[in-house]
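Convention: sequence-line order gives letters A, B, ...; per-chain numbering from 1. Being a predicted model, the structure only gives us computed values, none of them experimental.
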Amino acid sequence: MGRLRWKGLVLAVAGLVVLSTPLIGAQERGITPTEVVLGSSMPLSGPAAYWGAVGKGIDAYVKYLNDQGGIHGRKLTFILRDDSYLPPRAVANVRELVERAGVFAIVGLIGTANAFAVRDYIVQNRVIWITPTADSSIWAGFRQKRYLFVTYPSYVHEATILTRYAAEKLGVKKVAVFYQNDLYGQKGLLGVKRAVNALKGAVKLVSAVPYELVVTDLSSHALKLRGSGADAVILYATPRHGALIVREMAKIGYRPRLLASFTLTDPIMFTLAGEAWDDVYLTAFFPLPGTDPKVDETLQILFKYDPTLRANPFNSVAGVAFLEPFLEGLRRAGRDLTTERFISAMETIRNWDGQVIRGVTFGPDRRQGINRIYIVRAEKGRYTKLTDWIEYPVEF
Amino acid sequence: MAVLALQYALNGLATGSLYVLVALGIVILYRTSRILNFAHGDIATFGTFLAFTLITRLGVAPLLAYLLTLATTGLLGAGFYSLILRRAKEATLLGQIVMTLGFALVLNGAVVVVWGADTKVFPSLLSETKVYHLGGIVISQLSLGSLIMGFFLMVLLYLLVQWTKVGLAMRAVSQNPLAAQALGIPTRRVLALAWGVASALGASAGILLAPVTLLDPFMMLDPFLKGFAAAVLGGMDSPPGAVVGGLVLGVIESLFGGFVSVAFKATLAFAIIVLVLTVRPEGLLGREYKKRV
Amino acid sequence: MELRERYEEDLALVLGLPAWLGLLVALAVLVLFPLLAPRYLVYIVTLMAIHILVAIGLNLLTGYTGQISLGHAGFVAIGAYTAGLLMVRVGVPFPFAFLLSGFSAAFFGFLLGLPVLRLTGPYLTIATLGFGIAVHQVLTNWEGLSGGRMGLFIPKPSIGPWTLASEAALYYLAVGTTGVLTWIAYNLVRSHIGRAFVAIRDSDVAAEVMGVNLMVYKTLAFGLSAFYAGVAGALQGHLLGYIEPQMFTLFESIYYFSMIVVGGLGTIPGSILGAVLMTILPQVLSGLREWLPIVYGGTIIFIMAVEPWGLYGRWLRIKWWLKTWPF
């Protein structure tokens with residue numbers, strides 16, 4: 001008798017568990033049968049507000065997707081909050097997004113400081129985290145990467161590739177670096193140094209001139225660069241400072257060969273730097289606007305949903321590049337979405353092409369979605385592709 | 001080496017002349033009302049963006065646009081004083097400073113909302129790529145123009161303060177507001193005028209600066225801080241001090257950046273100021289610092 | 001108005017049954033809060049406690065002693081880096097590193113206090129502002145010391161066998177520290193030191209004539225104020241788990257300064273109110289995106305225009321109005 005009752009109880013519990021599994025699944029944070037909630041915190045005010053266009057691009061693209069019917073019948077909700085580029089506020093925003101708004105995933109976060117300040121929280125709370133826009137090499141050797149998916153290039157490897165190209169293809173002997181005095185610029189400088197060491201005397205690093213973000217008078221920086229006698233200058237700067245230094249160098253009659261990070265492929269450079277932005281060598285990690293019909297189409301969609309993005313096409317389309325792998329993961333995860341299913345789905349992505357981002361690969365132990373760039377040249381207001389994809393090692 | 005040093009010094013003079021314009025605005029306000037105006041830079045930025053719209057979107061002739069901008073920015077500054085700051089009658093000095101901080105936030109936010117956070121090219125009558133060579137030293141047409149305009153504005157201001165009735169009234173108010181009022185000087189109007197003149201000066205600095213540094217919502221942050229530092233270096237209540245302070249700061253900064261360290265440029269500027277102030281707490285040309293109980 | 005009959009009553013911080021009850025209720029709420037509230041609120045209140053600490057320190061200097069500082073982010077940075085570097089590089093246990101963070105900031109406070117002794121008003125403003133910028137540049141460029149812009153990961157604090165890893169533990173650490181230092185500040189401003197500070201603020205010449213040693217008390221004010229900021233910096237480092245020079249810029253200094261003016265200069269409850277409001281406001285408004293600074297700035301102007309003595313001044317007026325009602 002007693003045994004029977006126990007059996008009944010066990011059966012009932014087992015039945016309940018089986019029945020409730022899809023229910024619990026459906027109740028996972030940020031997912032309902034009709035909705036997936038995404039969140040981000042970005043600088044929309046303050047000195048870094050320019051990069052906030054990444055978030056606005058994502059916002060516009062999500063609206064477009066919803067008008068197309070969403071993914072598997074689910075609409076996407078994107079909650080974008082302002083952190084003025086201040087880590088304490090970014091942390092508060094992310095916590096509130098996770099715990100109060102209950103987001104399924106965090107997309108982005110701009111800058112290394114913000115990314116590092118929320119890193120442990122995101123790991124502990126098992127939040128899906130899509131492409132914090134910071135040099136991807138900061139994640140090299142990072143073990144708790146299960147929930148992290150990154151399709152951002154590595155500045156270190158990019159700078160190495162640029163320097164090699166300068167030495168081997170352009171015959172550059174003496175190179176100087178003009179860099180922003182933060183992790184972005186310092187990683188670029190590190191990459192140049194690595195290439196210079198590896199090339200064993202074929203090219204020399206003659207000067208490295210840093211600048212601070214708030215400084216606008218770059219006349220002494222330009223004189224220093226000229227004084228170094230470098231025949232090529234590599235730029236790791238914001239579009240504004242990149243344009244300023246190029247103009248300043250032109251003013252004092254110093255015209256070295258110019259190479260620059262992909263962040264300066266922003267077409268705004270042609271306006272800001274004018275004629276000085278000619279014959280500049282840069283890299284790209286997705287086909288640049290004006291060179292690829294799918295990317296141009298995406299841009300038109302973004303402009304339709306948010307006309308203010310016209311002022312900042314590059315960053316807004318980059319936002320789409322960061323979001324796309326996530327969308328593909330949602331598509332592959334299918335109707336019954338859970339965090340674990342989503343991760344498994346993401347891990348099946350192999351050499352996948354989106355509208356903007358190309359060649360994305362994740363895997364069970366791989367979270368670095370892209371490991372290749374190519375080199376372009378700026379010519380009379382256009383970018384022409386010079387090389388095929390150049391790969392660099394996968395680090396995480 | 002000597003040529004290079006000269007070049008650095010010349011660059012410093014060009015930058016310094018813009019510090020002077022900012023510093024003069026700060027000094028005029030401080031002299032008359034003892035207020036440190038933290039919105040000074042953002043008022044100037046707002047004005048510069050206004051000029052940008054007038055010229056590029058509405059097709060107003062540049063010179064006319066500059067004048068319109070100076071007038072509007074002057075009204076903005078005077079309006080802030082008359083409609084907000086003056087109404088807060090009980091506000092303490094620090095309270096008023098915090099109100100200018102609030103105003104700076106509002107203006108900067110408005111610039112980002114209206115014009116966006118992206119960098120823009122500010123049209124200029126002078127070319128930046130056209131350069132003049134003076135025995136190895138290079139100066140662009142634009143820098144030369146700014147330098148000349150800067151000195152022209154300084155002279156204009158000097159004439160206004162020293163040789164006109166309005167200037168006399170301003171000096172009277174700055175020396176003793178109560179006595180000035182008792183003598184029949186409309187102090188409030190004079191103060192509003194001081195705000196207007198200071199704001200217009202700031203905007204003129206912005207217009208001269210924007211073609212060189214490109215138009216950006218935060219373009220005046222560094223020049224404002226340096227202008228403020230220059231004003232302190234020269235002496236907060238002395239317009240000639242602001243001129244000397246601005247030029248000295250610009251030149252020293254440029255030389256230090258060129259020959260010692262670019263990374264510690266700003267630190268140096270402030271270290272010099274602290275050193276000067278320990279010897280002369282009232283700044284280089286400030287008046288003798290007397291206090292009675 | 002309450003009538004005080006004995007000297008002891010005048011000395012007491014908390015007087016009368018309602019006040020004691022109020023204090024007990026407040027303490028109970030503070031103790032129970034992390035057990036009941038969602039974790040992100042616990043985080044925000046922890047941040048608030050840290051800001052209160054900086055604000056009280058700054059108010060001791062600016063509100064009580066009359067010395068403006070726009071360089072307090074520098075002291076916060078020194079505190080954060082002292083604690084962080086001592087723990088990471090030297091392996092000093094948390095309690096000592098925590099204490100030393102305050103003292104090293106205080107030491108730099110004394111150092112800054114010396115050259116700026118004779119400065120007032122805008123001159124002092126620029127000197128302190130320059131100090132903040134100098135600290136930022138040194139931390140950015142002296143990579144061997146600070147790790148530069150790569151930043152520094154800060155371990156979770158641990159006392160003996162206990163690791164304070166959870167939000168609640170950090171909350172108790174921050175709120176407890178702030179509580180103790182607030183109590184100390186309350187007593188300090190009522191002691192001869194506090195009176196000397198106020199005398200300097202009201203007239204330094206008169207204070208000197210009455211026997212207040214200006215050099216001692218001005219540098220003391222700088223040191224004390226920096227101590228509070230330094231401790232707050234260490235707490236902030238532990239809360240975020242990561243520090244980087246860019247977290248301690250002029251913007252932060254201006255932010256601390258507006259806290260105390262908006263809250264109420266020369267009052268401790270004012271520092272608390274100001275820090276609480278200025279922490280909550282951007283958080284609540286952050287969904288406004290690029291409109292945030294406009295509303296934030298507008299609110300600051302409004303508060304200062306309506307109530308020159310800050311939030312605490314408004315509270316006092318309400319209290320008096322209630323006490324004297326209906327007259």
Side-chain angles (χ1 to χ4, degrees), chain A residues 39 41-49 52-53 55-56 59 79-102 111-121 123-125 135 138 179-187 190 210 212-214 308, chain C residues 37-48 50-51 76 133 136-137 140-141 143 147-156 165-167 236-237 239-252 255 279-297:
Chain A
S41 168
M42 294 206 176
L44 300 165
S45 66
K56 291 184 174 176
D59 200 22
I79 307 171
L80 180 59
R81 309 197 64 166
D82 172 40
D83 59 31
S84 300
Y85 211 45
L86 299 170
R89 278 200 213 166
V91 174
N93 280 344
V94 166
R95 283 174 174 261
E96 210 176 324
L97 284 169
V98 172
E99 293 166 30
R100 203 172 114 195
T112 320
N114 292 334
F116 277 160
V118 300
R119 190 188 74 179
D120 290 348
Y121 174 80
V123 167
Q124 279 155 18
N125 292 277
D135 178 28
I138 60 172
Y179 67 101
Q180 185 159 311
N181 203 357
D182 62 6
L183 216 57
Y184 159 53
Q186 288 169 359
K187 290 284 181 180
L190 178 67
E212 295 291 336
L213 189 60
V214 290
T308 64
Chain C
R39 290 183 306 155
Y40 75 93
L41 279 183
V42 176
Y43 167 83
I44 291 174
V45 175
T46 313
L47 198 61
M48 232 176 244
I50 293 168
H51 286 158
V76 178
I133 289 179
H136 177 257
Q137 287 206 328
T140 303
N141 294 308
E143 286 167 33
R149 294 298 301 271
M150 189 64 209
L152 194 68
F153 281 98
I154 311 282
K156 290 283 172 234
S166 68
E167 281 90 358
Q236 187 178 326
L239 180 66
L240 293 178
Y242 173 75
I243 50 175
E244 202 241 5
Q246 205 56 24
M247 294 177 181
F248 313 99
T249 60
L250 174 65
F251 290 103
E252 295 294 302
Y255 179 59
T279 314
I280 289 182
L281 210 54
Q283 203 47 45
V284 174
L285 298 178
S286 79
L288 288 177
R289 303 183 180 186
E290 58 269 45
W291 287 84
L292 188 150
I294 299 181
V295 179
Y296 191 42

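- Each of Gln283(C), Glu244(C), Glu290(C) has some count of heavy-atom pairs under 4.5 Å with chain A, and the biggest count is that of Gln283(C).
- When heavy atoms are compared at a cutoff of 4.5 Å, Pro43(A) does not approach chain C at all.
- Between the CD atom in Gln246(C) and the OH atom in Tyr85(A) there is a gap of 7.5 Å [rounded to 0.5 Å].
- Between Ala113(A) and Tyr242(C), the closest heavy-atom pair is CA-CE2, 3.6 Å.
- A cation-pi arrangement, defined by a distance under 6.0 Å to the six-membered ring centre and an angle within 45 degrees of its axis, is absent between Arg39(C) and Tyr121(A).
- Taken to the nearest 0.5 Å, the CG atom of Leu285(C) stands 9.5 Å off from the CZ atom of Arg81(A).
- For the pair Lys187(A) and Met150(C), the minimum side-chain heavy-atom distance is below 4.5 Å.
- Using a 4.5 Å cut-off between heavy atoms, Asp135(A) does not touch chain C at all.
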Begin from the C-alpha positions of Leu86(A) and Glu252(C) and carry the test side chain to side chain contact (heavy atoms under 4.5 Å, CB included) through to its verdict. CA-CA 9 Å; Leu86(A) 299 170; Glu252(C) 295 294 302; 3.5 Å; yes

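- Rounding to the nearest 0.5 angstrom, the gap separating the CG atom in Leu41(C) from the CD atom in Glu96(A) is 7.0 Å.
- Glu212(A) and Thr140(C) make their closest contact through OE2-CG2, 4.1 Å (heavy atoms, listed as atom of the first residue, atom of the second, distance).
- Distance check, rounded to the nearest 0.5 Å: CG of Asp82(A) to OG of Ser286(C) gives 7.0 Å.
- Put simply, of Pro282(C), Pro38(C), Gly241(C), the one with the most heavy-atom pairs under 4.5 Å next to chain A is Pro282(C).
- In this structure, NZ on Lys56(A) lies 8.0 Å from CZ on Arg289(C), to the nearest 0.5 angstrom.
- Both the backbone and the side chain of Arg100(A) have a heavy atom closer than 4.5 Å to some heavy atom of chain C.
- In this structure, the portion of Asp59(A) lying under 4.5 Å from any heavy atom of chain C is its side chain and not its backbone.
- The choice from Gln137(C), Gln236(C), Glu167(C) that makes the most heavy-atom pairs within less than 4.5 Å of chain A is Glu167(C).
- Under the 4.5 Å side-chain criterion, counting only non-hydrogen atoms from C-beta, Glu99(A) is not in contact with Tyr43(C).
- Heavy-atom pairs under 4.5 Å with chain C were tallied for Ser45(A), Ala117(A), Ala92(A); the largest tally goes to Ala92(A).
- Ranked by heavy-atom pairs shorter than 4.5 Å toward chain C, the options Asp120(A), Asn93(A), Leu213(A) are led by Asn93(A).
- In this structure, chain A has a heavy atom under 4.5 Å from the side chain of Leu292(C), while its backbone stays farther away.
- Annotation: side chain of Phe251(C) is not in contact with side chain of Ser84(A) (no heavy-atom distance under 4.5 Å).
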